[in-house]
Amino acid sequence: MKDSFKKYIPFKQIDIKNREWPDKVIDKAPVWCSVDLRDGNQSLVDPMNLQEKLEFFKLLCDMGFKEIEIGFPSASETEYEICRKLIEGGYIPDDVTIQVLVQAREHLIRRTFEAIEGAKNVIVHFYNSTSVLQRKVVFKKDKEGIIDIAVQGAKLIKELTEKYEGDTNIRFEYSPESFSGTEMDFAVDICHKVMQELGSTKESPVILNLPNTVEMCTPNTYADQIEYFIKHLPDREAAIISIHPHNDRGTGVAAAELALLAGAERVEGTLFGNGERTGNLDIVTVGLNMFTQGVDPKLDFSNLPKYKEIYERCTNMKVHERTPYIGELVFTAFSGSHQDAINKGMEYMKATDSDYWEIPYLPIDPADVGRQYEPIIRINSQSGKGGAAFVMANNYGYKMPKQMHPEFSELVQKKCDELGRELIPSELMKIFEDCYINIKRKYEIVGHPTVKELGEDGNVVEIQGILRTNGDEATDIKISGIGNGPIDAFFHALESVGICDYKFVDYSQHAISTGSDSKAVSYIQLMTPRGGSIFGVGISGNIYRSSIFGVLNAINRAEQEN
Ligand code: KIV
Ligand code: ZN
């Protein structure tokens with residue numbers, strides 16, 4: 001076991017001089033081809049049935065795919081029937097080209113041509129394996145033998161196309177399967193011979209699809225292979241260079257991106273990376289990576305949750321929680337410092353009315369992929385002081401002053417520890433209501449206190465009301481006070497009945513919409529007789545009363561603790 005790594009052969013690097021791809025950038029979308037219904041489907045424990053394939057096909061069309069590999073019609077009766085159903089049922093939009101895969105073998109090619117009858121636009125995609133390893137252990141043929149398979153396939157396809165009666169517009173695609181395990185000069189040679197046999201021209205180019213069938217090297221080496229291939233291919237203009245990455249090393253997306261830098265013009269892959277073994281290239285990630293660089297991916301990703309639902313239902317596969325852009329947790333910040341930074345980013349965007357998305361830790365606006373801000377922050381016992389306050393502000397409109405964050409956060413952390421789990425926004429609201437609104441009241445003002453502005457500029461205020469203690473009517477006592485604002489006046493009113501142990505520290509106030517009308521919310525900070533700080537929250541349709549209730553609620557909270 002200790003030395004087992006020694007049995008693996010390191011990948012041979014490509015001898016390429018003056019590589020150019022590292023200096024390039026991706027500035028436009030490639031032609032996308034979905035292989036969900038073929039490579040994706042063939043790798044499922046239970047391949048999709050007809051209904052599921054039809055639903056998936058419609059989804060791909062709605063997303064904007066113009067080239068869709070629908071299957072391998074010569075491989076089985078089911079695959080053949082699905083192809084016929086799509087064509088005869090009129091499911092294929094006029095601007096969508098279906099692609100059918102076939103091995104470069106005579107009887108399979110003939111059957112494939114039967115399957116596509118009546119379709120408007122078709123890509124006949126044929127392949128044979130070309131890698132050193134496949135030649136050695138599977139086909140046991142030399143290079144000439146392998147070229148012969150490809151050229152004979154091309155010859156028959158060309159012949160059947162020329163004889164083809166009907167209006168079908170047929171294009172060709174050839175894949176030297178396991179391209180990345182093939183000597184580059186041999187890959188160029190076999191592809192060029194196929195081009196010659198097909199009579200490819202600039203006006204009628206063949207698609208040369210260069211699969212990373214098994215990902216065996218770092219993405220830069222795949223990019224080197226693509227650049228080398230393109231630079232050495234004669235009649236380069238008569239070919240469209242396509243890539244077909246898989247993900248065996250977990251770098252399918254990176255390999256695709258570097259291959260695009262190296263000159264690939266077309267990309268084959270699947271939604272969420274379904275496909276053989278570790279999967280095909282995930283087109284959603286590559287497309288959205290472009291999107292977040294300001295490049296139009298020419299695919300619609302605006303409702304990822306819906307695509308995920310269809311994908312999971314039809315394939316019986318699950319999208320992992322950490323999958324870029326769509327994973328359950330990718331818009332959730334657990335760490336306090338992340339929550340704080342996101343909060344500040346949102347405030348910055350609002351304050352500057354910026355045209356650009358500049359929020360730390362969120363590389364994309366969740367709304368652009370049909371997701372919401374709401375679950376961005378979940379609160380757990382590790383959350384920072386600002387996190388819970390952010391959820392309250394963002395979800396419910398309560399903008400607690402910064403000085404109040406530690407107090408509220410402590411209440412939240414206590415609840416998290418008690419339940420042993422994270423909290424969702426509605427649970428935070430419940431804590432807020434229990435601790436600040438629906439509290440036990442030692443003191444209450446019965447009925448409405450009256451607030452009168454005295455003096456010409458109204459900065460002297462008189463407050464009158466009835467104070468009740470411990471809910472006992474017999475204690476009702478009239479209080480009144482004058483001050484240079486409602487809080488000052490209320491403090492004087494309380495002092496007049498001997499409640500004078502609390503000192504005012506600070507207050508803040510904002511309006512909150514409560515459906516049809518708007519109310520004022522006041523946050524009052526007091527110093528308790530023991531020298532600690534405590535907050536009270538008052539809510540009322542009247543701004544003066546909201547301050548009064550805030551003061552009283554702060555005192556009641558403090559008394560509750562005594
Ligand atoms: O991965 C692969 O090489 C393929 C080919 C058939 C294109 O799926
Ligand atoms: Zn494949």
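One is the number of the first residue; the rest follow in order along the sequence. Counting convention: from 1, in listed order, for ligands and their atoms alike.
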Any idea which of T213, L210, V214, V102 brings a heavy atom closest to atom 2 (C) of ligand 1? T213

Any donor-acceptor pair under 3.5 Å linking the side chain of W357 with the backbone of L362? yes

Specify which N/O/S atom of D39 comes nearest to the Zn ion (ligand 2), by atom name. OD2

Indicate yes or no: at least one non-hydrogen side-chain atom of N316 is less than 4.5 angstrom from one of V45. no

Just going by heavy-atom distances, which of E276, E177, E215, R38 is nearest to atom 8 (O) of ligand 1? R38

Please name the residue in the list R111, K53, R38, K85 that meets the salt bridge (charged side-chain N to carboxylate O under 4.0 Å, His left out) test with E79. K53

Can you report which non-hydrogen protein atom sits closest to atom 4 (C) of ligand 1, along with the distance? H244 NE2, 3.5 Å

Parallel, tilted or perpendicular: which describes the rings of H244 and H246, with under 30° parallel and over 60° perpendicular? tilted

Closest candidate by heavy atom, reference atom 7 (C) of ligand 1, pool S43, S242, S175, S129: S175

Close-contact set for ligand 1 against H246 heavy atoms, below 4.0 Å: 1 (O)

Side chains of L50 and T78 in contact at under 4.5 Å (non-hydrogen atoms): no

Measure from the Zn ion (ligand 2) to every N/O/S atom of H246 and report the name of the nearest one. NE2

Using a strict cut-off of 4.0 Å, indicate which atoms of ligand 1 neighbour a heavy atom of D39. 8 (O)

Given T278 and N247, is the side chain to side chain donor-acceptor pair (under 3.5 Å) satisfied, shown in steps? CA-CA 5 Å; T278 51; N247 193 39; 4.7 Å; no

